[in-house]
S.K.: 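One structure, as C-alpha cells, below. Some questions next.
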There are 2 protein chains.
Amino acid sequence: MARHLSDDELAAYFALRGAGDRLQRVVAQQLRAHDLTEVQFAILAQLGSGTDGIGMSELARGLVVTKSGLTYQAGQLESRGLVARRPSTDDDRGVLLHLTPDGRALLARVLPAHITLVRELFIDRIDPADLAIVRDALAQVARD
Amino acid sequence: MARHLSDDELAAYFALRGAGDRLQRVVAQQLRAHDLTEVQFAILAQLGSGTDGIGMSELARGLVVTKSGLTYQAGQLESRGLVARRPSTDDDRGVLLHLTPDGRALLARVLPAHITLVRELFIDRIDPADLAIVRDALAQVARD
DNA sequence: TATTGTTATACTCTATAACTATA
DNA sequence: TATAGTTATAGAGTATAACAATA
C-alpha cells in the first residue's frame, strides 16, 4: 500500500478538488439568482430529460437523496408551480413528478446560462487537443 | 456567445462533475467513520499544515465560511478535545486555533486513509503519462 | 412481505445581525 | 471607524422512523 502521494500527484488531486469545488460554487451562485438550489436544479434537469414524468423513488435514487428529502423538495417546487404530481397509471402506489409549463420555461432560461458558465470556466480553458484526455481520465474516476 | 456544448464537451463536463461528486461523496463517507464532516476535516488539515495556530478570521476566509460558522465548528471540535483556543499575543482581540495532541493524532490516523482513497479512486486510474495534462487542465479551471 | 410515498420529528448546519472588546 | 470573535436566533435542509396504501 502506497503511503504517500508525490508532489505531482498531490497537485493533481488539489487541482481536481479545486476545479470541482470552484465549478460547484459558481454554479450554485448562478442558480441562486433564479432562486434554485443545486438539488432543485438537478430535479428539474432530470425531469426535463424525458417527457413522461419520473417516479419519486426512482428520482430519489438517481439523485442520491432519501424519499422524504425528495418529498420535501418536490413540495418546494410544486408550491412554486414548477413541477406537478400525477398518479401513476401502472402502479396505484406511484406518483409521477413532471415539469409544468412554467417549470419547463424556467429550465429553458437557466440552461443556456449554465452552459455558458461551463464553457467559460471549463471548456474554454482547456486546450482542445487535451479535452479528450481529461474527459477519459475523469470518466474513469466516476466509474464504479 | 456559444449556445450549446458539443457531445464531447458535454461528456467532459459530466465527467468532471461526476468525478468531483464521486470523490466528495466517498471522502465524506470515509470521514464519517471518524465522526468528522468535511468542514471539520478541512479545519484540522489547515491547522495541521503549520505549527503555530491560525486566527479565526483568517481561517474562516480560507475555508469560505462565515466567522460565526467557524465559531460553531471550532466549538464542536473543541468539545471533543481536538482543537484548543489560545489568545493571540500580538493582537489582544485575536484567538488562535490550534490542534491538541489528540487532534494531531486523529489527523495522523485519518490522513493515510484519505491518501489511499485518493490513490485508488483518482491517481491509479489515470495513465501516468496523462496525469500532468489533467493536472494542468484542472488547475486552469480553479484559477481566478 | 416488500415497496411507494407522505408525515412527524429531531437534528445539523449556516448565515444575519447585534454585541463586546480591541486596533 | 474598522476588525476580531462570540452569541442569539431563525431558517433551510436532511435523515429516521412510523404510517397507510398497494404490489
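Naming: A, B, ... by sequence-line order, numbering from 1 per chain.
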S.K.: Distance-only check: which donor-acceptor pairs under 3.5 Å involve side-chain atoms of residues 39-54 of chain A, not counting sequence neighbours?
M.R.:
unit_1	atom_1	unit_2	atom_2	d
A:Gln40	OE1	A:Thr37	N	3.1
A:Gln40	NE2	A:Gln73	OE1	3.0
A:Ser49	OG	A:Ala45	O	2.9
A:Ser49	OG	A:Gln46	O	3.3

S.K.: Just grab all the salt bridge (Lys or Arg N to Asp or Glu O under 4.0 Å) pairs involving residues 56-73 of chain A, residues at least two apart or on different chains.
M.R.: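 Every candidate salt bridge (Lys or Arg N to Asp or Glu O under 4.0 Å) pair involving residues 56-73 of chain A fails, so no pair, neighbours aside, qualifies.
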S.K.: For residues 76-90 of chain A, which residue pairs qualify under side-chain hydrogen bond (donor to acceptor under 3.5 Å, both in side chains), counting only residues two or more places apart or in two chains?
M.R.: A:Glu78-A:Arg85
S.K.: Mind jotting down which residue pairs meet the side-chain hydrogen bond (donor to acceptor under 3.5 Å, both in side chains) criterion with at least one end in residues 103-114 of chain A? Sequence neighbours excluded, please.
M.R.: A:His114-B:Tyr13
S.K.: For A:Asp130, what residues pass the salt bridge (charged side-chain N to carboxylate O under 4.0 Å, His left out) criterion, not counting sequence neighbours?
M.R.: none
S.K.: Specify the residues of residues 24-38 of chain B, ordered by number, for which at least one heavy atom lies under 4.0 angstrom from an atom of DNA chain C.
M.R.: B:Thr37
S.K.: Taking only distance into account, with no hydrogens and no angle test, what donor-acceptor pairs under 3.5 Å do side-chain atoms of residues 132-144 of chain B form with protein atoms, sequence neighbours excluded?
M.R.:
unit_1	atom_1	unit_2	atom_2	d
B:Arg135	NH1	A:Asp8	OD1	3.1
B:Gln140	OE1	B:Arg143	NH1	2.7

S.K.: Taking only residues two or more places apart in sequence, or in another chain, which ones meet B:Arg25 in a side chain to side chain donor-acceptor pair (under 3.5 Å)?
M.R.: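 Per chain and number, B:Arg25 pairs via side chain to side chain donor-acceptor pair (under 3.5 Å) with no residue.
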S.K.: Going 5' to 3' through nucleotides 2-7 of chain D, assign each nucleotide B (protein heavy atom under 4.0 Å from a base atom), S (under 4.0 Å only from sugar-phosphate atoms) or - (no protein heavy atom that close).
M.R.: BBBBBB
S.K.: Mind checking the CE-CG spacing from B:Met56 to B:Leu97? Nearest 0.5 Å is all I need.
M.R.: 5.5 Å
S.K.: Just the endpoints, please: which first and last nucleotides of DNA chain C, 5' to 3', lie under 4.0 Å from a heavy atom of chain B?
M.R.: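 It runs C:dT12 to C:dA23.
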S.K.: Once side chain to side chain contact (heavy atoms under 4.5 Å, CB included) is applied, do any residues pair with B:Ala84, and if so which ones, sequence neighbours excluded?
M.R.: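 B:Ala84 satisfies side chain to side chain contact (heavy atoms under 4.5 Å, CB included) with B:His98, B:Thr100 only.
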S.K.: Answer yes or no: does a side-chain N or O of A:Gln73 lie under 4.0 Å from OP1 or OP2 of D:dT14?
M.R.: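 Yes, within the criterion.
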S.K.: Output all residues satisfying side chain to side chain donor-acceptor pair (under 3.5 Å) with A:Arg125, sequence neighbours left out; order by chain, then residue number.
M.R.: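 With sequence neighbours excluded, A:Arg125 shows a side chain to side chain donor-acceptor pair (under 3.5 Å) to no residue whatsoever.
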